[in-house]
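Structure first, commentary second.
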There are 2 protein chains.
Amino acid sequence: MLNNYNAEDKVLLAVDCIIFGFDQEDLKILLIKRDFEPEKGKWSLIGGFLKMTETLDDAANRILYHLTGFDKIYMEQLYNFSKIDRDPAERTLSVAYYALINIEDHDEKLIEQYSAKWFSIDEAPSLIFDHNQMVQKAILRLRRRAISKPIGFELLPEKFTMRQLQKLYESILDEELDKRNFINKINALDILVKLEEKDMTSSRKGSYLYQFDKEKYDRNVEDGITFKI
Amino acid sequence: MLNNYNAEDKVLLAVDCIIFGFDQEDLKILLIKRDFEPEKGKWSLIGGFLKMTETLDDAANRILYHLTGFDKIYMEQLYNFSKIDRDPAERTLSVAYYALINIEDHDEKLIEQYSAKWFSIDEAPSLIFDHNQMVQKAILRLRRRAISKPIGFELLPEKFTMRQLQKLYESILDEELDKRNFINKINALDILVKLEEKDMTSSRKGSYLYQFDKEKYDRNVEDGITFKI
DNA sequence: GCAAAAGTGTTTAACTTACACCCATGC
DNA sequence: GCATGGGTGTAAGTTAAACACTTTTGC
């Protein structure tokens with residue numbers, strides 16, 4: 001270990017974002033067509049480079065804001081990828097972040113402008129560099145989060161039906177869940193408010209809308225109390 | 001997002017290691033007295049800077065090897081800390097790794113040479129920069145790992161008693177466990193071999209020694225099958 | 001009236017927890 | 001013979017899993 005910082009190597013540090021969305025059917029990720037070399041024209045995660053004056057969280061937020069027009073998105077640092085030649089152009093490390101956004105909220109113009117597109121997880125194209133690996137790791141992390149705390153409301157509209165919530169969990173976990181057991185578990189958590197309103201778009205009978213209640217959540221789920229879907 | 005790598009900022013990237021050990025009583029971490037500025041003379045995690053020619057895992061291994069004389073240690077990347085002024089001398093990011101080593105195996109000479117010392121988790125001194133935060137995060141991660149897979153054999157000698165294993169888990173989780181329930185759960189995993197030998201140092205009756213069986217482990221626990229202590 | 005999705009409880013099985021006594025040995 | 005830590009099983013409680021029928025309403 002040296003005591004002279006000047007003698008040390010400096011590196012380029014990228015931040016790449018796995019942006020998850022949900023369209024009431026499938027879990028999706030937002031990808032862009034890369035418009036510069038290397039690998040121009042191929043699909044890629046959205047990313048950018050860390051600036052001297054920002055933290056990694058700042059950088060991830062900045063990058064996301066540029067593409068989607070939103071800040072205050074749920075976001076979490078995933079892993080630092082550091083294979084020597086992961087970027088053929090130059091030695092670059094990349095810190096992957098994953099983010100959850102409500103697919104209906106984003107600004108379509110911005111997305112067009114960046115040639116971005118939503119892909120279902122299983123239909124996503126092959127990506128540049130180690131981005132496929134990043135996505136895989138992000139899915140696993142999301143899955144682990146999802147079974148231990150009620151994450152994922154960020155992926156739904158403000159008001160949603162139980163069925164939508166269940167479908168979201170099914171697509172995150174990639175398995176079917178029992179309707180009654182699911183509802184019982186969610187209700188046991190006591191973190192939602194049932195509204196008077198019904199959603200009439202998906203059935204003749206209509207289904208009650210629910211809303212996530214942050215206060216209830218903090219009261220009932222904080223302190224790392226976990227549940228199991 | 002720019003398309004010219006040269007215009008981007010480069011940063012110093014440190015790797016800091018939280019080294020866990022276990023002395024049959026307490027969970028410990030290995031700290032060093034820093035012998036250079038800034039913060040010379042204060043306690044710190046062991047660390048170093050990433051070199052152009054190595055991955056983060058390489059760097060963490062190199063740093064650990066220098067201090068302990070061991071390679072092939074269990075190690076896992078924890079998080080990338082990036083607060084702007086975390087190092088007052090210069091903008092530096094740090095990727096924290098945590099490692100588990102058998103406290104009896106390490107090379108004491110090397111440790112003396114670096115003025116390193118083992119501290120019980122609750123008696124550790126205040127550390128430089130954001131190193132306390134790193135340690136906290138590492139403990140939480142270790143705890144989460146410990147309850148979901150039988151990690152931690154790296155912290156024990158090759159042959160160990162059930163009591164030792166239980167004490168290790170108790171010190172990781174910072175709670176007392178029931179002796180019978182613990183043994184039943186561990187046995188249910190079927191990943192240990194019970195030896196004929198007994199350890200006579202801790203009681204007159206002596207207690208059977210066990211050994212971790214990698215093959216059994218792979219056969220019975222692989223595929224992310226988790227358990228709960 | 002019928003198709004399509006919504007809503008609702010109970011029984012069974014699995015797992016987790018709590019708990020207390022005898023054993024072997026060295027001194 | 002007694003003090004010390006080692007070893008062992010069961011019953012009760014809790015949690016998770018499996019399961020099917022009725023309701024509403026637009027067409």
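Naming convention: chains lettered A, B, ... in sequence-line order (proteins, then strands); numbering from 1 in each chain. The basis for the numbers below is simple: all heavy atoms, side chains too, and nothing from hydrogens, waters or symmetry mates. A quick note: this is a predicted structure, and the numbers were derived from the prediction, not measured.
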Q. Given axes from five pairs at either end, by how many degrees does the helix from C:dG1-D:dC27 to C:dC27-D:dG1 bend, rounded to 10°?
A. 10°

Q. B:R204 has an atom CZ; how far is it from atom P of D:dA3, in whole Å?
A. 11 Å

Q. Of A:R180 and A:K205, whose closest DNA chain C nucleotide lies nearer the 5' terminus?
A. A:K205

Q) Can you tell me if the side-chain N/O atoms of B:K198 get under 4.0 Å from OP1 or OP2 in D:dG6? A) no

Q) How about B:T201 and B:D199: does a side-chain donor come under 3.5 Å of a side-chain acceptor? A) yes

Q: Please tell me which of A:G206 and B:R163 maps to the more 5' nucleotide of DNA chain D, matching each residue to the nucleotide holding its nearest heavy atom.
A: B:R163

Q. Between B:K179 and C:dA20, is there a side-chain N or O to OP1/OP2 distance below 4.0 Å?
A. no

Q | Length of the CD-P vector between B:Q166 and D:dG7, whole Å | A | 11 Å

Q) What's the CD1-P distance between A:I183 and C:dA5, to the nearest Å? A) 16 Å

Q.
Nearest whole Å is fine: how far is D:dA16 P from A:N181 CG?
A. 10 Å

Q. Do A:S203 and A:R163 come close enough that some side-chain heavy atom pair is under 4.5 Å?
A. no

(Q) Distance check needed: D:dG5 P versus B:D199 CG, whole Å only. (A) 13 Å

Q: Consider only side-chain N and O atoms of B:D35 and B:Y114, and report whether a donor and an acceptor are under 3.5 Å apart.
A: no

Q. Given atom CG of B:L209 and atom P of D:dG5, what is their separation to the nearest angstrom?
A. 17 Å

Q | Straight-line distance of B:Y98 OH to B:R141 CZ, nearest 0.5 Å | A | 6.0 Å

(Q) Within the structure provided, determine whether B:D16 and B:F129 are in side-chain contact (heavy-atom separation under 4.5 Å). (A) no

Q.
Is the distance from the ring center of B:Y208 to that of B:Y210 below 6.0 Å?
A. no

Q | Ring centre gap for B:Y74 and B:F153 strictly below 6.0 Å | A | no

Q. Between D:dA16 atom P and A:F182 atom CZ, what is the distance in whole Å?
A. 14 Å

Q. Whole-Å distance between D:dA20 P and A:D178 CG?
A. 11 Å

